[in-house]
Amino acid sequence: MAGTSERQRSGMASDEKLGRVTSDGLEPITSFDEMGLKDDVLRGIYQYGYEKPSAIQQRAVRSIIGGHDVIAQAQSGTGKTSMIALSVCHLVDTSYRDVQALILCPTRELAAQTEKLILGVGNFINIQVHACVGGKSVGEDIRKLEHGVHVVCGTPGRVFDMIKRRTLRTRAMKLLVLDESDEMLSRGFKDQIYDVYRYLPPELQVCLVSATLAHETLEMTKKFMTDPVRIPAQREI
Ligand SMILES: Nc1ncnc2c1ncn2[C@@H]1O[C@H](COP(=O)(O)OP(=O)(O)OP(=O)(O)O)[C@@H](O)[C@H]1O
């Protein structure tokens, strides 16, 4: 998307292996106030108890909410799920009830945690979110999705099932997040991720969060992303 101008301004380097991917020159933003987040999302963040963004949040949120495709290298426990939650809360327009953001996760637990964080941070924007995961009642998924939600987080198999049934409508989707994509691939979700992707609109922002960037993850970034901004791994939260 508008990634080029940001890169040009900050004089970022390209990385041969990842193509036109950047890393250097993204100044950390050390306060949530400075990120350009909607006021009601900021209120939600502070009410949730966060005072200062973690290292990955300081580096990645601006690019995500600025509409860029982003590759964020982040381990568990670095605040990456909260980063996804607050970015999604900012990007979704809750004045209409279509699914605008889809977050694919490797496990049911991570999908549930993501749902909880979105509801927490989104407390003042009346955001509706549904965790769509295997092992839970299909009837409940259908009921929730037909009632209308802004965000779906889920495991690739169940999400694809809901898309095929046309219960999960993809027409208004503007953001796809692949959380722990290395883990999703190692759990054998590759085909389902590609199946889901084929149903999404072409004008789609894609963010990928992964601790490592394995060969298959790089392949996905090439297929799904345009000029991504890359945020390298950070050591501390
Ligand atoms: N900016 C922040 N300030 C204070 N605590 C935070 C902040 N961001 C995240 N946390 C807390 O740190 C812990 C890990 O955060 P989060 O779940 O967002 O990260 P994660 O990298 O996805 O980790 P995990 O995989 O362990 O859930 C949580 O307890 C969360 O509430």
Side-chain angles (χ1 to χ4, degrees), residues 1-3 35-45 57 60-72 80-105 110-133 140-156 158-179 181 192-193 195-209 224-226 228-229:
M1 301 187 71
M35 288 180 176
L37 291 160
K38 289 176 187 158
D39 285 348
D40 283 341
V41 176
L42 262 185
R43 279 170 71 206
I45 291 170
Q57 293 162 6
V61 171
R62 177 179 56 180
S63 296
I64 302 174
I65 70 173
H68 299 274
D69 285 356
V70 171
I71 300 170
K80 66 163 181 63
T81 310
S82 307
M83 168 189 84
I84 293 167
L86 66 94
S87 304
V88 162
C89 286
H90 175 88
L91 287 168
V92 161
D93 178 354
T94 51
S95 67
Y96 63 100
R97 224 185 246 216
D98 282 324
V99 180
Q100 297 160 52
L102 173 63
I103 305 159
L104 294 180
C105 307
L110 184 58
Q113 169 71 359
T114 307
E115 179 186 40
K116 183 178 146 230
L117 277 165
I118 292 172
L119 288 172
V121 171
N123 195 25
F124 296 106
I125 58 168
N126 193 25
I127 196 162
Q128 305 293 316
V129 49
H130 178 56
C132 200
V133 297
E140 174 65 8
D141 274 346
I142 294 173
R143 196 187 63 74
K144 277 289 284 270
L145 293 171
E146 284 186 348
H147 184 246
V149 296
H150 305 110
V151 183
V152 167
C153 44
T155 44
R158 179 63 70 93
V159 166
F160 185 52
D161 184 19
M162 288 299 131
I163 292 175
K164 268 188 310 187
R165 290 170 191 257
R166 299 186 187 281
T167 309
L168 173 47
R169 297 184 184 277
T170 56
R171 166 176 55 101
M173 277 189 199
K174 47 190 185 188
L175 174 67
L176 170 69
V177 180
L178 301 165
D179 193 6
S181 51
Q192 280 137 325
I193 297 171
D195 286 341
V196 168
Y197 182 76
R198 273 192 279 277
Y199 278 81
L200 305 184
E203 290 299 315
L204 183 75
Q205 182 186 357
V206 180
C207 295
L208 180 145
V209 184
F224 297 179
M225 303 176 108
T226 313
V229 174

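Given the structure is predicted, the values throughout are model-derived calculations rather than measurements.
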Requested in this report: Evaluate side chain to side chain contact (heavy atoms under 4.5 Å, CB included) for S82 paired with V121, printing each intermediate quantity in order.
Outcome: CA-CA 8 Å; S82 307; V121 171; 5.9 Å; no
Query raised in the report: Within a strict 4.5 Å, meaning less than it, do heavy atoms of the V99 and R169 side chains meet?
Result: no
Query raised in the report: L102 versus V196: any side-chain heavy-atom pair under 4.5 Å?
Result: yes
Report task. Report, as yes or no, whether the 6.0 Å neighbourhood of atom NZ on K174 holds more than 12 heavy atoms from other residues, nucleotides or ligands. Result -> yes
Taking [Y]'s backbone N and O only, do any of them form a donor-acceptor pair with [X]'s side chain (distance below 3.5 Å, no angle check)?
X: D179; Y: C105; value: no
X: S181; Y: L208; value: no
X: E146; Y: T167; value: no
X: Q100; Y: D93; value: yes
X: K80; Y: A72; value: no
X: Q128; Y: H150; value: no
X: T94; Y: I125; value: yes

Working to the nearest 0.5 Å, report the span between [atom1] of [X] and [atom2] of [Y].
X: L42; Y: H90; atom1: CG; atom2: NE2; result: 10.0 Å
X: L91; Y: I64; atom1: CG; atom2: CD1; result: 8.5 Å
X: N123; Y: D40; atom1: CG; atom2: CG; result: 10.0 Å
X: M173; Y: L204; atom1: CE; atom2: CG; result: 8.5 Å
X: I118; Y: H130; atom1: CD1; atom2: NE2; result: 12.5 Å
X: C207; Y: I103; atom1: SG; atom2: CD1; result: 10.0 Å

Query raised in the report: Side chains of R97 and H147: donor-acceptor distance under 3.5 Å anywhere?
Result: yes
Requested in this report: Identify whether the distance between the nearest side-chain nitrogen and carboxylate oxygen of D161 and R165 falls below 4.0 Å.
Outcome: yes
Query raised in the report: Which class fits the ring pair Y199 and F160: parallel under 30°, tilted 30 to 60°, perpendicular over 60°?
Result: perpendicular
Report summary line: Looking only at heavy atoms, the pair that brings M225 and V70 closest together is CE-O, 3.2 Å
Report task. Carefully, step by step, assess L145 and V152 under the rule side chain to side chain contact (heavy atoms under 4.5 Å, CB included). Result -> CA-CA 9 Å; L145 293 171; V152 167; 3.7 Å; yes
